[in-house]
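Keep in mind that this is a model prediction, so the values were computed, not measured.
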Amino acid sequence: MEWIWYFIASLGAGIGTGLAGLSAATVMVPILIVLCPSFSGETGAYQATAIALASDILGSAVTAYTYAKNKNIDLKRGWIMLACILSMCTVGSYAAFLAGNVVLGSFTLFLTFCIGIRFLAKPDTSRENTASRGEKLDWKGVLISLFFGLTIGFGTGFVGTGGGMMMLVVFTAFLGMELKTAVGTSTFIMTFTALIASVSHILIHPAIILEKWDVMLLCMITATAASLYSARFANRVNNRTVGLVTGAVLTVLGGAMIILNFHEQLFSIPLFAETAHCFGVLVLYIIPCVLVILPVRFFTKVPSFVFRKMLHTIAFTCFAVMIASAESWQSASLTSLIIAVLIYPVLSLLEHESWYGQLFVQKSEGEIKKSLLKVFFMFAVLTAAAWGIFGRPHAAAAAVLMWGVGDAFAALVGIPFGKHKVKWKLTDGKKSWEGSLAMLCVSFLTGFILIHFRYLFPAGVSLATAFAGALAGTLAELLSDSEWDTVTVPVVILAVFLLIVK
């Protein structure tokens, strides 16, 4: 199992290096220390840092070479940083050995997470006052380079991390470089700092080579390959795409590293542990679903309305997964809220990309993100009401599944076969009797199966409850605005369940 974590750690390190000039140790050290028992000894953190630094050598080198080929390195503005960092990283490495079992600095973890959020909020780093490539430093730039170069150099040698992230901040925020140039320049510097710090660590503690040579070899190969492909990707796309991908990678890595570094404190809180478990199960469910529907969308001629219902199916089945994996209503509701909070800003950023419109079929601008936001907030409220107030999580699960399956069949039947439109005054005139009948029948069947066979209610009660819920849900779907039926229908079905089943 440890070898899987070695691969994951070095893969994440390589991607972070190629995209954002992230030091390999930022990713690798906490994973190796926390998840790999062989690094739990007195010198475990020191050995993990040495392996991460060794992985950084070739990873940073191939990244810097790729950025240099695309003319994205500016040493005229970075040479002072280079000199200061090289002079101080050996001092920091020796200080780390004297300090004992050095653990990854918390500041770097939070910095990685915050920089990721920054790039997600503003992915395009181009600005009017960006320094021209090759422009000399003024006296302020010299002072900034001296101060940060000396501190970053010592920190890189001491904890083996933070150098790339800090250089990215200094180069972009203080010295006026654009993102690609900042990454190229920082990885060029990191090639030498990683080499010096790695050699220093090994000379000070030669047992690293004797005891962990195979781990070091795997990590170096994986990190180098991942860095190369990530750097090539970054240099082929525009600044906005680089910023978005960089922001996503840094946010995920930063958040994961924070959880790993503070896992004992965090998981000692029962609600956090329960929510993390529920969220993890949900992510493991969503990932294979996405891997299935992407080829369906881009490589088949499936009708757009069918693909929409595939997305709809993934969304409502998420609720069943959450209810099944949650240990309390608080963790299930909190998981729903986290998903809602994450989905909306991410889709808001991605909807400007050209492929977004090809992937999602929207009835109006922003419809997908708004719909998903409503759905997951609705999940949170239904869970809190049915499970938290009435103590009946099965009622919420049945209501959501009856709505989800019924609504899907209403579209699958109504769109191609719906010839007779419902002309009631309170309806929009677009829905058909065929689609509504399909929803009624399928909702009723779904509800009966769940209530009778899954939750073991008597057959008579199950039939009455399922029919009443299906009828109320179908009427609610007919009378509701199409933008809000994802909320009104399951709420109405749940209300019927709570009134009938005591």
Side-chain angles (χ1 to χ4, degrees), residues 1-41 43-63 66 103-104 108-109 112-113 116 159-161 164-165 187 190-191 194-195 197-198 201-202 207-234 245-246 248-261 263 276 280-281 283-288 290-291:
M1 183 62 186
E2 280 198 34
W3 286 93
I4 297 176
W5 290 120
Y6 300 155
F7 176 77
I8 292 174
S10 52
L11 181 65
I15 294 173
T17 299
L19 286 176
L22 194 68
S23 171
T26 303
V27 180
M28 293 181 66
V29 172
I31 292 179
L32 295 180
I33 293 174
V34 175
L35 301 177
C36 302
S38 60
F39 286 91
S40 59
T43 59
Y46 194 79
Q47 290 182 339
T49 302
I51 291 174
L53 288 168
S55 302
D56 244 345
I57 298 171
L58 290 178
S60 297
V62 297
T63 299
T66 303
V103 181
L104 187 63
T108 302
L109 301 179
T112 302
F113 182 77
V159 297
T161 184
M165 199 73 262
T187 50
M190 276 171 45
T191 303
L195 177 62
S198 177
H201 274 64
I202 293 172
I208 297 172
I209 292 292
L210 299 176
E211 297 175 3
K212 299 287 195 309
W213 66 269
D214 49 352
V215 178
M216 183 178 291
L217 182 62
L218 171 68
C219 291
M220 290 179 68
I221 293 173
T222 305
T224 301
S227 298
L228 178 60
Y229 285 105
S230 299
R232 287 179 175 177
F233 166 80
V245 177
T246 299
V249 169
L250 294 184
T251 301
V252 172
L253 287 178
M257 297 307 104
I258 290 172
I259 292 174
L260 278 176
N261 206 46
H263 70 287
V281 171
V283 170
L284 291 177
Y285 171 74
I286 291 175
I287 289 175
V290 172
L291 294 177

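Contact between M216 and I209 at its shortest, heavy atoms only, is SD-CD1, 4.1 Å. Residues L218 and W3 approach most closely at CD2-CE3, 3.4 Å, considering heavy atoms.
The CD1 atom of I57 lies 5.5 Å from the CE atom of M220; values are rounded to the nearest 0.5 Å. In this structure, T49 OG1 and I208 CD1 are separated by 8.5 Å, a value rounded to the nearest 0.5 Å. The distance from atom CG of L58 to atom OG1 of T63, rounded to the nearest 0.5 Å, is 10.5 Å. Distance check, rounded to the nearest 0.5 Å: SG of C36 to CD1 of I4 gives 10.5 Å.
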Which pairs would a plain distance check flag for residues 10-21, meaning a side-chain donor or acceptor within less than 3.5 Å of a matching protein atom at least two apart in sequence or in another chain?
unit_1	atom_1	unit_2	atom_2	d
S10	OG	Y6	O	2.9
S10	OG	F7	O	3.0
T17	OG1	A13	O	2.9
T17	OG1	L22	O	2.8

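Summarising the local packing, OH of Y285 is surrounded by more than 12 heavy atoms from other residues, nucleotides or ligands at distances under 6.0 Å.
Across C219, S60, S227, a single residue satisfies side chain to side chain contact (heavy atoms under 4.5 Å, CB included) together with S55, and that is C219.
Pairs of residues two or more places apart, or lying in two chains, that qualify as side-chain hydrogen bond (donor to acceptor under 3.5 Å, both in side chains) and include a residue from residues 211-224 are Q47-E211, Q47-K212.
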